[in-house]
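Residue numbering restarts at 1 for every chain, and letters A, B, ... go by the order of the sequence lines. Just the heavy atoms: all of them, side chains too, but no hydrogens, waters or symmetry mates, feed the values below. Because the structure is predicted, anything quoted here is derived from the model rather than measured.
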Amino acid sequence: MDYLSDLWATNRSTVAFAMVNSLFALSTYVVLAAGFLSFSTVVFAAVGGFVGAQLVVKGVGLPFVFGAAAGGGLLISLLVAAVFLRLNSHWMALASLALVLITRVVTLNAPALTGGVNGLGVPLALPMDWLTGVLVLTVLAFYALHHSWFGVASRVLREDPSVAACMGVDLRQIQLIAFGISGIVGGIGGAAYAMLLQFISPDTFFLGIAFTMIAATVLGGSYHWFGPVVGAVVYTALPIVMQAFLPHLLQEVANGVVLLLIMIFLPRGLIDPRAVRLRRAAPAAAGVMKIRA
Amino acid sequence: MTPILELDRATKAFGGVTAVDALSFVAPRGQVTGLMGPNGAGKTTVINLISGLLHVDSGRIALNGTDVSAQKPHHIGALGLARTYQNVRLISGLTALEQVVAGSFLKRDTSMLASFLHTPAARHRMRAIREKALHLLDRVGMAHSADVLAETLSYGEQRRVEIARALGADPVLLLLDEPTAGMNPAESAEIGRLTHKLRDEGLSILMVEHNMKLVVDFCDSVIVMNFGRLIARGAPTECIRDPHVQEAYFGKQRHDADGLRAVG
Ligand SMILES: Nc1ncnc2c1ncn2[C@@H]1O[C@H](COP(=O)(O)OP(=O)(O)OP(=O)(O)O)[C@@H](O)[C@H]1O
Ligand SMILES: [Mg+2]
């Protein structure tokens, strides 16, 4: 029992980071699953993070903090979508990266809201049960989305936009919904992140976190909502595990190598429903062949 | 009664190639109309123009009396157009049944929010759509493979799933781009009979088809094009005998009945 509580104490923050990264990865995933690689979750997280931090400073209760962060993320995501959906999808990744750079400049130059270079202290540690509750609700929402007409439409859209359009799918509508969901979840994730770190600054929402989001999503797989969750957990835990086996100097290299290996050998990510279905189909087909022979 | 489909001097050029050149024709309601022409004649381009994946440079296309020349594909779909593709475009990772359910998107009768919340009405509607999808797979002879990943099926089977998917939208006009390519004669005849059954239920069909026997047996009338232009139209047997058509398909020296016999 003591051993267990020790284990929990040492890994508690890793678990919390894995959960927040899951939120970020889910936010990235929903847009990717509608056909766009985009780093804009960083921007939604920044809005949610600073809005949330300001409200915490003012002593507002957690339900309102998360509500406002979600609302702020939604608002900014719809603005971003209004501009981005005019772009050719190839350029969206680059445009969203540019947006991340712009966001940093804006946050640096709005010290009244963001604390500028000095950053912002967040005088409230995120309770673990709150974080768990938020993640569980988000995952339930993604489960419901997967089985909804939005899920059906986005699966077709991603594989073949022309076919989707001829089926009657309004591509812009589906993509706008995807961005809206990404904004809500990204905003909530940003607020959670702020309370987890208890200090945020313009550098918090920059290239590092952008890389984490995309890597976790691609690693876990972007063909099912479970992929980004698994990806975030693996991506967060990997450095900790490496630490136990490797000298410090080799750790970062090993992290990179492991990620590369997974991407080379599992390009569709760790969680791939299509691969599962193909594997399930293979023995059946083999059986038929035997009977014929 | 307005025709189900009317092209009026529809023109589409790709750079220097005029793929569809001032093409005018009418597809009568409740009939199977064949669209013929040698390779590169512009048949697929016509199908893409009608479904809105491409837009005419000039001219007009009317579906069921509505001008759709400048409409987006999903609007044209909502007006009752469904189609298949020359090189089968099923969605990777989905089972045969899921393909047809996706094809029923326009008939979902459920708001995005109700669908997300899985309201009782939304769940009830989804069950009905699944049943209908299974029935459609049965109609094309693919019910036994409903839960099979569509990409693992044979080419001919995939074509049949694709037809079921198009039927999921309950269209008023169905465009089939070479529905029997890669099928054996028995399978092809099966598709021909299906088009007749669908026609007798009131569906209008425009079908690109190279198999002359199928055209003669199952098309009520045909339109023949070459180099983007109309070269013949009318009853299938007469069109195939038409010297212009013989020349387009077989070259100048054989514009007697030999050409027809060779393929018939
Ligand atoms: N997207 C495109 N870009 C450029 N040229 C095109 C495009 N689509 C078709 N073409 C050209 O237009 C002409 C007509 O092509 P289309 O595919 O419509 O012919 P088709 O009658 O369907 O031929 P097939 O029997 O081989 O399917 C061809 O010369 C083709 O090369
Ligand atoms: Mg063609």
**Report entry** A:M167 side chain near B:L106 side chain, heavy-atom distance below 4.5 Å
**Finding:**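 Contact flag for A:M167/B:L106 side chains = no.
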Query raised in the report: Would a 4.5 Å heavy-atom cut-off, applied to side chains only, mark A:I174 and B:M112 as touching?
Result: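 Answer yes - side chains close enough.
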Requested in this report: Provide the closest heavy-atom pair for A:S162 versus B:L53 in the form atom of the first, atom of the second, distance.
Outcome: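 Closest pair (atom of A:S162, atom of B:L53, distance): CB-CD2, 3.7 Å.
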Query raised in the report: Where do A:A141 and B:F116 come nearest, in terms of heavy atoms and distance?
Result: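 Closest heavy-atom pair between A:A141 and B:F116: O-CE1, 3.3 Å.
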Name the region of [X], side chain, backbone, both or neither, that has any atom closer than 4.5 Å to a heavy atom of chain B.
X	result
A:V163	both
A:H146	neither
A:L157	neither

**Report entry** Under 3.5 Å donor-acceptor, B:S115 side chain and A:W149 backbone
**Finding:**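 Yes, because the side chain of B:S115 sits within donor-acceptor range (under 3.5 Å) of the backbone of A:W149.
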Report the option among [options] that has the most heavy-atom pairs separated by less than 4.5 Å from atoms of chain A.
options	answer
B:G103, B:S51, B:S92, B:A122	B:S92
B:L81, B:I76, B:V101, B:T110	B:V101
B:A102, B:G77, B:G52	B:A102

Query raised in the report: Does the side-chain contact (heavy atoms from CB on, under 4.5 Å) test come out yes or no for B:I91 and A:E159, once each step is laid out?
Result: CA-CA 6 Å; B:I91 302 306; A:E159 292 291 328; 3.6 Å; yes
Requested in this report: Report the C-alpha distance between A:R277 and B:T95 in whole Å, list the side-chain angles of each, state the deciding distance to 0.1 Å, and finish with yes or no for side chain to side chain donor-acceptor pair (under 3.5 Å).
Outcome: CA-CA 9 Å; A:R277 285 172 159 187; B:T95 65; 5.0 Å; no
[X] versus chain A, heavy atoms under 4.5 Å apart: side chain, backbone, both or neither?
X	result
B:L175	neither
B:A78	neither
B:L94	both
B:R89	both

Query raised in the report: Is the shortest side-chain N to carboxylate O distance from A:R155 to B:E98 below 4.0 Å?
Result: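 No, A:R155 and B:E98 are not salt-bridged.
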Requested in this report: Take atom NE2 of B:H124 as the centre, draw a 6.0 Å sphere, and report whether it contains more than 12 heavy atoms from other residues, nucleotides or ligands.
Outcome: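 Check fails, neighbour count at 12 or below.
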**Report entry** For chain B, the option from A:A165, A:A164, A:A275 that forms the most heavy-atom pairs under 4.5 Å
**Finding:**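 Ranked by contacts with chain B, first place is A:A165.
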Report task. Rounded to the nearest 0.5 Å, what's the gap from OH on B:Y85 to CG on A:D160? Could you check? Result ->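 Rounded to the nearest 0.5 Å, the OH-CG separation comes to 6.5 Å.
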**Report entry** B:E151 vs A:R274, salt bridge (charged side-chain N to carboxylate O under 4.0 Å, His left out): CA-CA, chis, key distance, verdict
**Finding:** CA-CA 10 Å; B:E151 63 215 83; A:R274 177 170 167 269; 2.5 Å; yes
